[in-house]
Student: 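Before I ask anything, let me first share the structure, which is written out below as structure tokens.
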Amino acid sequence: MNLAPEKHDEFDQQLWTPLERHFTRANRVIDDFTLSAFMRDFLMAKDGKYVRKENVFETFEDRKTAEDFSPEALATELKRYAGYYVVIRGERFDPHTGTGVSAALEGINALKVSTTYPLLLHLFERRTQGALSDADLAKAIQLLVGFVLRRHICGIKGGARGYGQTFSKACSSLGASPSESLEPYLLNNGYPDDMRFKSAFVSFDLYDGQYCRFILESIEKSRGHLEPAALAGAEIEHIMPQTLAHHWRHDLGPDADRIHATWLHMPGNLTLSAYNAMLANSPFGEKRRHYAQSNIGITRELTSFETWGEAQIRQRGEAMATAAAGIWIGPSQPFITPSGASGVREMDPE
């Protein structure tokens, strides 16, 4: 409506159709849901104000009719941001290869935190403007993954709306140097420190959580093996089994039921193994012989334990927590706000 009729065809062919291609399925049908989500994330990335799903068109119309804008310039900008979007969603690799950006984005998409997308769009644009280097962008993404994962392990509620408001507001709060201001911003919005995270990790019900396999695989990959194991065929294995046979009760002692109820699903008692069905509730000694043949480092390392019980599960859990703190980075010390309160807080619910 803001173009002269004689410019419609040229606009559609040169600007709008290339934009829509980023949201077109293999059957050549436009994915309206993803396109709408992109427009919403674009609006939040540009203004740093939270937009409800049902208000996308209204907000877009209100903002653009309130300003003297160029349809060509806006479509060009949308096309550029759409290019960022497909990389952020993991549909294409970052064109700046070897920077670690695509690898960092794997964490975002494994956690399924699309609420970060407005801030990520903002950060990608800041890289285009020269305010962020490739390394800065990769580090920023790692901070976001660490922020979300650590809060999840620590049981700090966020909620889609809470995170949506926090990450959209960041788009207008980072200032001229986002590489320096992002971490303080996250700290002020409840970023668990290493001690709190590691303590929570050891006693976290990992098995029943949504990120169990992702966390175990990430710890395994962090070992940096020159010949990494193929993990696709491995299953999540309970070292102390889910059903206690007589020999397990004997080995665990008089507190067997308490130990089983307390530690069964904790990180220290979980690993990855292709022998899961075969081993079932076999004695630890028999499991240990199979673990020795494993190509998976976190499983093969179990052979360093002669027995398996509460002390060993805790010890291994603590080692895994230290590894996790190095993968999902965060503050080394508790953050105290200027008022003297802890920086960790819950966010507004959906």
Student: Between the main-chain N or O of D12 and the side-chain N or O of T17, is there a donor-acceptor pair closer than 3.5 Å?
Tutor: yes
Student: Yes or no on salt bridge (charged side-chain N to carboxylate O under 4.0 Å, His left out) for R28 and E20, after CA distance, side-chain angles and deciding distance?
Tutor: CA-CA 10 Å; R28 298 184 180 181; E20 288 183 332; over 6 Å; no
Student: Sub-3.5 Å donor-acceptor pair from the side chain of R126 to the main-chain atoms of A176, do we have one?
Tutor: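 Pair found, side chain donor or acceptor close to backbone of A176.
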Student: Identify whether the distance between the nearest side-chain nitrogen and carboxylate oxygen of R258 and D255 falls below 4.0 Å.
Tutor: yes
Student: For the backbone of T303 and the side chain of R288, can you confirm whether one donor and one acceptor N or O come within less than 3.5 Å of each other?
Tutor: yes
Student: Would H96 and L137 count as a side-chain contact (heavy atoms from CB on, under 4.5 Å) here? Give the steps.
Tutor: CA-CA 11 Å; H96 300 229; L137 178 57; over 6 Å; no
Student: Is the backbone N or O of F11 less than 3.5 Å from a side-chain atom of E72, with the two atoms forming a donor-acceptor pair by type?
Tutor: no
Student: Is it true that, when you exclude R25 itself, more than 12 heavy atoms of the residues, nucleotides or ligands shown sit nearer than 6.0 Å to its CZ?
Tutor: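 Yes, enclosed.
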Student: Between E125 and R80, is there a side-chain N and carboxylate O pair less than 4.0 Å apart?
Tutor: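 Yes, this pair counts.
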Student: Looking at Q333, I want to see if its CD is surrounded by more than 12 non-hydrogen atoms of other residues, nucleotides or ligands under 6.0 Å.
Tutor: no
Student: If only atom types and distance count, is the side chain of T299 paired as donor or acceptor with the main-chain N or O of L272 below 3.5 Å?
Tutor: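 Looks like yes, one N/O pair under 3.5 Å.
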Student: Test your reading of the model: is there a side-chain donor-acceptor pair from Q312 to the backbone of G309, 3.5 Å cut-off?
Tutor: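 Such a contact is found between Q312 side chain and G309 backbone.
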Student: E235: what forms a salt bridge (Lys or Arg N to Asp or Glu O under 4.0 Å) with it, not counting sequence neighbours?
Tutor: none
Student: Mark yes or no for whether S168, through its side chain, and G164, through its backbone, hold a donor-acceptor pair below 3.5 Å.
Tutor: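 Between the backbone of G164 and the side chain of S168 there is a qualifying donor-acceptor contact (under 3.5 Å).
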Student: Going by ring-ring contact (aromatic ring centres under 6.0 Å, His included), name the residues that satisfy it together with H260, two or more places apart in sequence or in a different chain.
Tutor: none
Student: The criterion is ring-ring contact (aromatic ring centres under 6.0 Å, His included); which residues satisfy it with F284, sequence neighbours excluded?
Tutor: W308
Student: OG of S203 to NZ of K198: how many Å apart, nearest 0.5 Å?
Tutor: 14.0 Å
Student: Between R151 and Y191 (side chain of the first, backbone of the second, donor and acceptor by atom type, cut-off under 3.5 Å), is there such a pair?
Tutor: no
Student: State plainly whether one hydrophobic cluster holds both V56 and I30, where clusters connect Ile, Leu, Val, Met, Phe, Trp and Tyr through side-chain heavy atoms under 4.5 angstrom apart.
Tutor: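 Yes, same cluster.
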Student: Under 4.5 Å between side-chain heavy atoms, hopping through other hydrophobics if needed: is there a path connecting M195 to M320?
Tutor: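 Shared cluster, no.
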Student: Quick one: which residue pairs count as a ring pair (Phe, Tyr, Trp, His ring centres under 6.0 Å) with a foot in residues 70-89, not counting sequence neighbours?
Tutor: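 Ring pair (Phe, Tyr, Trp, His ring centres under 6.0 Å) check on residues 70-89 returns F38-Y85, F42-Y81, Y81-Y84, Y84-F124, Y85-Y117.
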Student: Go through R127 and V101 one step at a time and tell me if the side-chain contact (heavy atoms from CB on, under 4.5 Å) criterion holds.
Tutor: CA-CA 12 Å; R127 178 177 68 170; V101 170; 3.9 Å; yes
Student: Taking D205 for its side chain and D208 for its backbone only, find out whether a donor-acceptor pair lies under 3.5 Å.
Tutor: yes
Student: If only atom types and distance count, is the side chain of T116 paired as donor or acceptor with the main-chain N or O of V113 below 3.5 Å?
Tutor: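 Yes, T116 side chain to V113 backbone: donor-acceptor pair under 3.5 Å.
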Student: Any side-chain donor-acceptor pair under 3.5 Å between E237 and Y291?
Tutor: yes
Student: So does H247 have more than 12 non-hydrogen atoms from other groups sitting under 6.0 Å from NE2?
Tutor: yes
Student: Any link between F93 and L105 through a network of hydrophobic side chains (Ile, Leu, Val, Met, Phe, Trp, Tyr) touching at under 4.5 Å?
Tutor: no
Student: Please identify each residue that fulfils ring-ring contact (aromatic ring centres under 6.0 Å, His included) with H22, with sequence neighbours left out.
Tutor: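 Partners of H22 under the ring-ring contact (aromatic ring centres under 6.0 Å, His included) test: none.
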Student: List for me each residue that meets ring-ring contact (aromatic ring centres under 6.0 Å, His included) alongside W328, sequence neighbours excluded, and say none if there are none.
Tutor: F214
Student: Give the C-alpha distance, both sets of side-chain angles, the deciding distance and a yes or no for side-chain contact (heavy atoms from CB on, under 4.5 Å) between I313 and I239.
Tutor: CA-CA 9 Å; I313 295 172; I239 304 162; over 6 Å; no
